[in-house]
Amino acid sequence: VRALDGSVADVADAMVLDAPELVAVLPAGEVVVGGDPRALADLLDLPTASEIVDGEVAGAGRPVPWGALPEVVVTCHALGVPVPDGELWCHDELWVVLRKPAPGRHRVPTWRAADGRRHADDPVRALLAVLGVG
């Protein structure tokens, strides 16, 4: 299958990107994108990236209401979308420790933790991930 970097990926290694933050920890030569991720995964008989990736945020971060982040408010206004409810867990530097597909520690701009909390060191990139456009 054709991968994100333009190469042809072996189907044994390929996965469909279904959460934008996961691209930060995966080889572009194994990631397939396009259209509805679940439908594409079913069509190509591939797993989704969220079925493959297993990791956790290193550090707690600090909870900040989305509406208290000026860059988020301005971006939402520019896009014509409401400011998300709830909180963003802000970090000076966001690191994720992966167990799968390859163990390691990765610096990422945003991450959705297993408990559903959104973490970020870049609030606008977190917003775009929540909106499904980044």
Side-chain angles (χ1 to χ4, degrees):
V1 294
R2 185 70 59 195
L4 183 63
D5 68 357
S7 66
V8 176
D10 187 309
V11 294
D13 300 323
M15 66 196 85
V16 175
L17 185 66
D18 62 332
E21 66 270 12
L22 299 180
V23 78
V25 299
L26 295 170
E30 296 177 5
V31 177
V32 178
V33 297
D36 177 337
R38 184 72 256 158
L40 183 60
D42 289 344
L43 176 69
L44 298 176
D45 196 25
L46 293 174
T48 60
S50 62
E51 293 171 324
I52 300 294
V53 175
D54 181 21
E56 62 186 38
V57 172
R62 61 193 176 287
V64 178
W66 285 98
L69 297 162
E71 62 268 51
V72 167
V73 174
V74 168
T75 303
C76 286
H77 178 73
L79 294 174
V81 298
V83 174
D85 292 327
E87 298 172 319
L88 175 65
W89 293 78
C90 295
H91 299 252
D92 293 329
E93 288 187 354
L94 180 58
W95 291 87
V96 173
V97 178
L98 288 189
R99 290 178 287 279
K100 290 185 346 187
R105 184 175 161 97
H106 301 268
R107 176 125 189 248
V108 296
T110 185
W111 195 262
R112 184 177 173 275
D115 63 8
R117 292 179 181 168
R118 174 65 62 180
H119 294 258
D121 64 13
D122 182 338
V124 172
R125 298 248 327 247
L127 173 67
L128 294 176
V130 166
L131 297 176
V133 295

Problem set entry | Hydrophobic cluster (4.5 angstrom, side-chain heavy atoms) - remaining members for Trp95 | none
Exercise. Considering only heavy atoms from C-beta outward, does the side chain of Arg38 approach that of Asp18 to under 4.5 Å?
Worked result: no
Exercise. Is the number of heavy atoms from other residues, nucleotides or ligands under 6.0 Å of Asp92 CG greater than 12?
Worked result: no
For this session: Determine, using the 4.5 Å side-chain heavy-atom cutoff (strictly less than), whether Leu22 and Val96 are members of one ILVMFWY cluster.
Result: yes
Problem set entry | CG/Asp115: more than 12 non-hydrogen atoms of other groups inside 6.0 Å | yes
Would you mind writing out the side-chain donor-acceptor pairs for residues 63-89 within the sub-3.5 Å range, not counting sequence neighbours?
residue: Thr75; atom: OG1; partner: Glu71; partner atom: O; Å: 2.7

Exercise. Do the non-hydrogen side-chain atoms of Cys90 and Asp121 ever get within less than 4.5 Å of each other?
Worked result: no
Exercise. Can you tell if the side chain of Val1 reaches within under 4.5 Å of the side chain of Val11, non-hydrogen atoms only?
Worked result: yes
Exercise. Distance from His119 atom NE2 to His91 atom NE2, nearest 0.5 Å?
Worked result: 5.0 Å
Problem set entry | Joint hydrophobic cluster, Val53 plus Val16, side-chain heavy atoms closer than 4.5 Å | no
Seminar exercise, completed: Rounding to 0.5 Å, atoms CG (Leu26) and CD (Glu21) come to a distance of 10.5 Å
Seminar exercise, completed: So the side chain to side chain donor-acceptor pair (under 3.5 Å) pairs with at least one residue in residues 96-106 (sequence neighbours excluded) are Asp54-Arg99, Glu56-Arg99
Exercise. When clusters are formed by joining ILVMFWY residues with side-chain heavy atoms under 4.5 Å apart, either directly or through shared neighbours, do Leu4 and Val25 land in the same one?
Worked result: yes
Exercise. Ignoring hydrogens and geometry, is there a side-chain-to-backbone donor-acceptor pair from Glu30 to Pro27 under 3.5 Å?
Worked result: no
